[in-house]
Amino acid sequence: GGKDLASMLIGTYELELLNIFNDIQKNQFDNFIDIGAADGYYACGMLVAKKVKRSICFEISEEGRRVINENWLLNGAPGTLEIFGEANTDNLKNLNGVDYSKTLILMDIEGEEFDLIDENFLNAVRGATLIVEIHNWDKRFCKSYESILRAINKYFRIEIIQPIDRPTNSLPFLQTYTDENRALIVSEGRPCVMRFLKLVPKK
């Protein structure tokens with residue numbers, strides 16, 4: 001959205017995730033599955049950077065699906081892009097030619113993670129590496145977070161992705177901005193500090 005465009009342009013948007021994606025080695029993953037793909041920022045970026053050969057997007061918004069495809073075309077249509085509507089366990093199970101042991105999944109579905117993540121979902125994507133954005137301000141958080149952690153722990157090792165401060169004093173092009181404006185430029189408009197989990201398959 002518009003509120004985080006500045007942080008996207010200067011490369012601080014979801015810096016926690018960008019650092020993980022930057023560290024991905026060539027051929028570490030074949031597929032990137034983006035559940036809640038929005039405008040394709042990550043799905044197209046992973047293809048442009050040649051981190052994966054195939055990006056599979058799930059995006060509930062029809063306009064979002066159109067924009068994902070447009071962004072991919074504007075970036076030279078690298079790799080293979082597939083775009084679907086809402087993700088569920090059945091369509092994740094039935095994706096053609098996906099080896100989950102060679103798949104990275106990003107989930108950012110605005111609190112719906114508490115509905116999607118259950119035993120059936122976790123069984124469907126076993127072997128994958130997942131990054132899940134936890135919306136800890138969602139009304140279901142207190143009730144549901146512990147139960148999904150228990151389910152996840154059966155199949156995955158849970159790593160907390162630590163929040164990273166956005167330093168602005170070191171960015172030369174922001175030196176003449178006021179303190180308040182520098183802070184606004186790196187703001188992502190969150191109601192609180194984000195919580196990200198990395199789920200690594202247990203052997």
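What you see is a predicted model, and the numbers here were worked out from it, not measured in a lab.
- Contact detail for Trp72 and Gly79: the closest heavy-atom pair is CZ2-O, 3.7 Å.
- Distance CD1/Ile134 to CZ/Arg195: 8.0 Å, rounded to 0.5 Å.
- The two residues Ser147 and Ser144 come nearest to each other via the heavy atoms OG-O, 2.8 Å.
- Shortest non-hydrogen contact noted between His135 and Glu110 is CE1-N, 3.2 Å.
- In the hydrophobic clustering of ILVMFWY residues, with side-chain heavy atoms under 4.5 Å counting as a link, Leu116 and Phe84 come out together.
- When the side chains of ILVMFWY residues are joined at heavy-atom separations under 4.5 Å, either directly or via intervening members, Leu149 and Ile117 end up in a single hydrophobic cluster.
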### Task
Show the numbers, then the answer: is there a side chain to side chain contact (heavy atoms under 4.5 Å, CB included) between Phe196 and Ile20?
CA-CA 11 Å; Phe196 297 101; Ile20 290 172; over 6 Å; no
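- Heavy atoms of other residues, nucleotides or ligands lying less than 6.0 angstrom from CD of Gln28 number more than 12.
- Inter-residue side-chain proximity for Lys198 and Val200 is flagged as met; some heavy-atom pair is nearer than 4.5 Å.
- Both Leu199 and Val125 belong to a single network of hydrophobic side chains, linked directly or stepwise wherever heavy atoms of I, L, V, M, F, W or Y lie under 4.5 Å apart.
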### Message
Set out, in order, the CA-CA distance, both residues' side-chain angles and the distance that settles side chain to side chain contact (heavy atoms under 4.5 Å, CB included) for Ile131 and Leu106, then state yes or no.
### Response
CA-CA 5 Å; Ile131 298 168; Leu106 173 64; 3.8 Å; yes
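- Remark: Arg150 engages Glu146 in a salt bridge, criterion side-chain N to carboxylate O under 4.0 Å.
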### Task
Report the C-alpha distance between Tyr177 and Leu184 in whole Å, list the side-chain angles of each, state the deciding distance to 0.1 Å, and finish with yes or no for side chain to side chain contact (heavy atoms under 4.5 Å, CB included).
CA-CA 10 Å; Tyr177 286 65; Leu184 284 170; over 6 Å; no
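- No more than 12 heavy atoms of other residues, nucleotides or ligands shown are found within 6.0 angstrom of NZ on Lys50.
- For the residue pair Gly97 and Arg54, the shortest heavy atom distance occurs at O-NH1, 3.4 Å.
- Taking hydrophobic clusters as Ile, Leu, Val, Met, Phe, Trp and Tyr residues chained together by side-chain heavy-atom distances below 4.5 Å, Ile161 does not share a cluster with Phe156.
- Taken to the nearest 0.5 Å, the NZ atom of Lys53 stands 12.0 Å off from the CG atom of Leu47.
- Across all their heavy atoms, Ile105 and Ala128 have their closest contact at CD1-CB, 3.8 Å.
- Applying the side chain to side chain contact (heavy atoms under 4.5 Å, CB included) test between Leu197 and each of Leu130, Ile160, Ile148 identifies Ile160 as the sole match.
- No donor-acceptor pair closer than 3.5 Å links the side chain of Asn19 to the backbone N or O of Glu16.
- If you chain together hydrophobic residues whose side chains sit under 4.5 Å apart, Ile60 and Ile83 never meet in one group.
- Counting heavy atoms of neighbouring residues, nucleotides and ligands inside a 6.0 Å radius, atom CD of Gln175 exceeds 12 of them.
- Once rounded to the nearest 0.5 Å, the distance linking OG1 of Thr103 with CG of Leu92 reads 10.5 Å.
- The distance from the CG atom of Asp118 to the CG atom of Asn120 is 5.0 Å, given to the nearest 0.5 Å.
- In this model, no donor atom of one side chain and acceptor atom of the other lie less than 3.5 Å apart for Asn71 and Tyr41.
- Side-chain atoms of Asp34 never come within 3.5 Å of backbone atoms of Cys44 as a donor-acceptor pair (strictly under, hydrogens ignored).
- Formation of a donor-acceptor pair under 3.5 Å by the Lys102 side chain with backbone atoms of Asn27 is found in this model.
- Considering every non-hydrogen atom in both Tyr42 and Phe21, the closest pair reads CD2-CE1, 3.3 Å.
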### Message
For a side chain to side chain contact (heavy atoms under 4.5 Å, CB included) check, start with the C-alpha distance between Ile35 and Glu113, then their side-chain angles and the critical distance, and finish with the verdict.
### Response
CA-CA 10 Å; Ile35 301 176; Glu113 63 272 14; over 6 Å; no
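- Under the 4.5 Å side-chain criterion, counting only non-hydrogen atoms from C-beta, Ile68 is in contact with Leu81.
- Under a cut-off of 6.0 angstrom, the local environment of CG in Leu95 is crowded, with over 12 non-hydrogen atoms contributed by other residues, nucleotides or ligands.
- Atom CZ of Arg66 is separated from atom CD of Glu59 by 12.5 Å, given to the nearest 0.5 angstrom.
- Side-chain contact between Tyr155 and Asn123 is present, with heavy atoms from C-beta onward closer than 4.5 Å.
- Atom CG of Leu104 and atom NZ of Lys51 lie 11.0 Å apart (nearest 0.5 Å).
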